[in-house]
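Data first, discussion second: the structure below is written as structure tokens.
Note: hydrogens, waters and symmetry copies are ignored here, and every other heavy atom, side chains too, is used.
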Amino acid sequence: LDLNLLSPPLSAVDKFNSQDKSDLNISFTKTEIDKGEKMLQKFGVDPQKKIVGIILRDDKYLKKKYPNNDWSYHQIRSSHYKYYEDCAKKLLDLGYVVIVFGVSDVNFGNNKTYINYSASKLKSDFMDIYLCSKLHFAISSANGLDAIPIIFKKPIVEIAVAPIDLIRTYSSRIKILFKTYFSKTLQRKLTLKEIYNFDLHTLQGKELADEIEFIHPTSEEITSAALEVHKELQNDVKYSDEEEILINNFKNLQKDLVKNTSKNVENFSSSIGILFLKNNKYLLDK
């Protein structure tokens with residue numbers, strides 16, 4: 001057994017929605033809380049302000065952690081910070097502290113409400129966990145660290161998931177935006193039925209790269225989904241009848257397509273970014 005070739009699984013499936021049903025079963029000691037709060041003060045974070053974390057996937061992490069593995073097939077999971085800049089600005093305007101994880105080469109200046117955590121000398125394993133526990137909600141490009149806010153039952157917007165088999169449908173705290181599939185032969189995006197019927201839902205890396213291109217959600221769709229969560233936390237969101245129908249149709253179709261797979265769950269309780277769904281109504285085509 002070569003330990004250098006071991007790697008973490010890409011995803012787990014909460015088939016019985018236990019995350020939603022269970023109580024919070026993790027906490028910090030008083031000593032840990034005191035330590036975490038002192039570190040937040042060093043970051044300059046106002047304890048009265050709510051924090052949103054933008055948790056992005058560091059493409060270099062797995063290569064550094066497991067250098068003997070070939071990680072090129074993960075390239076389809078990349079999600080550049082440029083897609084999140086407008087969203088961060090909108091959240092700052094709403095009075096949030098925005099902390100960005102996983103992007104060490106971007107300088108946000110001396111703005112104490114806009115923090116690049118990965119570039120900070122205050123970064124530590126402990127603060128990885130403590131900061132994620134303090135988030136009002138998170139926005140993530142579907143990576144390992146976003147398991148922490150989920151454990152602490154924080155809402156999360158899950159962006160740019162690829163392949164579609166990795167979407168997490170089992171928690172009401174998760175809002176999903178995934179990468180769509182563009183067929184170069186057909187010169188159009190594929191419907192959900194086509195993705196599953198052609199067995200493309202588990203497609204990885206460079207497989208069929210000459211045929212399938214993954215299309216990233218737009219900046220506008222990401223910002224819209226984040227503002228949906230902001231409003232939901234204020235009990236200030238209401239969907240139109242048309243939007244409710246779209247959401248339910250998507251859930252019912254996806255549940256039917258995965259019912260005989262390992263991704264089948266008792267209840268599709270996650271939500272879908274409504275602007276993303278409106279912009280991609282073709283997904284529901286027969």
Side-chain angles (χ1 to χ4, degrees), residues 7-14 16-58 61-62 64-65 84 87-88 91-92 94-104 106 108 110-159 168 170-175 226 229-230 232-235 269-271:
S7 60
L10 273 178
S11 68
V13 181
D14 183 0
F16 303 106
N17 308 96
S18 57
Q19 178 65 22
D20 276 356
K21 297 173 184 176
S22 65
D23 295 329
L24 180 63
N25 55 17
I26 186 170
S27 62
F28 295 99
T29 65
K30 184 180 184 305
T31 300
E32 290 168 336
I33 292 171
D34 290 343
K35 176 182 177 180
E37 292 301 304
K38 286 177 182 178
M39 292 302 294
L40 282 177
Q41 290 176 19
K42 289 184 179 181
F43 274 107
V45 174
D46 183 343
Q48 302 303 314
K49 285 184 173 286
K50 294 175 180 176
I51 304 171
V52 174
I54 298 179
I55 305 173
L56 302 182
R57 184 174 175 274
D58 181 356
Y61 173 78
L62 287 174
K64 183 178 179 181
K65 186 74 173 177
Y84 303 82
C87 180
L91 293 170
L92 289 167
L94 288 170
Y96 287 103
V97 173
V98 175
I99 298 180
V100 180
F101 300 75
V103 183
S104 58
V106 179
F108 299 152
N110 295 317
N111 187 341
K112 291 187 177 181
T113 60
Y114 198 9
I115 299 168
N116 187 340
Y117 173 73
S118 295
S120 172
K121 294 180 180 179
L122 300 176
K123 182 181 183 298
S124 68
D125 289 344
F126 171 76
M127 286 307 290
D128 287 358
I129 308 300
Y130 192 78
L131 264 180
C132 285
S133 78
K134 297 287 289 185
L135 299 179
H136 194 53
F137 68 93
I139 301 162
S140 171
S141 63
N143 53 68
L145 186 59
D146 66 18
I148 306 304
I150 289 175
I151 288 172
F152 283 96
K153 297 187 178 294
K154 305 296 183 179
I156 183 166
V157 186
E158 186 177 68
I159 307 292
R168 293 181 283 193
Y170 50 76
S171 173
S172 59
R173 296 180 179 88
I174 297 175
K175 189 177 294 291
V229 174
H230 164 73
E232 286 168 359
L233 289 169
Q234 296 181 317
N235 295 314
S269 51
S270 302
S271 59

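- Annotation: side chain of V98 is in contact with side chain of I54 (closest heavy-atom distance under 4.5 Å).
- Taking all atoms of both residues into account, the shortest heavy-atom contact from L56 to N143 is C-ND2, 3.5 Å.
- To the nearest 0.5 Å, atoms CG (L131) and OG (S124) are separated by 8.5 Å.
- For Q234, the side-chain contact (heavy atoms from CB on, under 4.5 Å) criterion is met by H230, D236, not counting sequence neighbours.
- For NZ of K153, the number of neighbouring non-hydrogen atoms (other residues, nucleotides, ligands) closer than 6.0 Å is greater than 12.
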* Decide side-chain contact (heavy atoms from CB on, under 4.5 Å) for D128 and Y117; before the verdict, give the C-alpha distance in whole Å, the side-chain angles of both, and the deciding distance to 0.1 Å. => CA-CA 9 Å; D128 287 358; Y117 173 73; 2.6 Å; yes
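- For the pair V229 and K175, the minimum side-chain heavy-atom distance is below 4.5 Å.
- Taking a cutoff of 4.0 Å between a charged side-chain nitrogen and a carboxylate oxygen, R168 and D146 qualify as a salt bridge.
- Of the possible polar contacts, one joining the S269 side chain to the Y170 backbone as a donor-acceptor pair under 3.5 Å is found.
- Qualifying side-chain contact (heavy atoms from CB on, under 4.5 Å) partners for S18, counting only residues two or more places apart in sequence or in other chains: D14.
- Using a cut-off of 4.0 Å between Lys/Arg side-chain N and Asp/Glu carboxylate O, K38 and D34 are scored as not salt-bridged.
- Contact of the H136 side chain with the Y96 side chain is registered, since non-hydrogen atoms from C-beta on lie closer than 4.5 Å.
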* Check the pair I33, T31 against side-chain contact (heavy atoms from CB on, under 4.5 Å), reporting the backbone distance first and the verdict last. => CA-CA 5 Å; I33 292 171; T31 300; over 6 Å; no
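- For residues 129-140, the pairs satisfying salt bridge (Lys or Arg N to Asp or Glu O under 4.0 Å) are E37-K134, with sequence neighbours left out.
- For the atom pair E158 CD and I55 CD1, the distance stands at 11.0 Å (nearest 0.5 Å).
- Considering CG of D20 and OG of S270, their distance stands at 7.5 Å, rounded to 0.5 Å.
- Contact annotation: the side chain of F152 never approaches that of C132 to less than 4.5 Å [non-hydrogen atoms, C-beta and beyond].
- Cation-pi geometry between K21 and F16 is not satisfied (NZ or CZ under 6.0 Å from the ring centre, within 45° of the ring normal).
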* Evaluate the criterion side-chain contact (heavy atoms from CB on, under 4.5 Å) for residue pair V97 and Y114; output intermediate values, then yes/no. => CA-CA 6 Å; V97 173; Y114 198 9; over 6 Å; no
* When you look at V100 and I115, which way does the side-chain contact (heavy atoms from CB on, under 4.5 Å) test go after all the steps? -> CA-CA 6 Å; V100 180; I115 299 168; over 6 Å; no
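- Interatomic distance, I139 CD1 to F101 CZ, rounded to the nearest 0.5 Å: 11.5 Å.
- Here the side chains of F43 and I99 are not in contact, with every heavy-atom distance at 4.5 Å or above.
- The side-chain heavy atoms of F126 and K35, taken from C-beta on, include a pair separated by under 4.5 Å.
- Atoms CD1 and CZ, on I156 and F137 in that order, are 11.0 Å from each other to the nearest 0.5 Å.
- Under the 4.5 Å side-chain criterion, counting only non-hydrogen atoms from C-beta, C87 is in contact with L91.
- Contact between I150 and Q19 at its shortest, heavy atoms only, is O-NE2, 2.6 Å.
- Once rounded to the nearest 0.5 Å, the distance linking CG of D46 with OG1 of T113 reads 10.0 Å.
- Using a 4.5 Å cut-off on side-chain heavy atoms (C-beta onward), L233 and P155 make contact.
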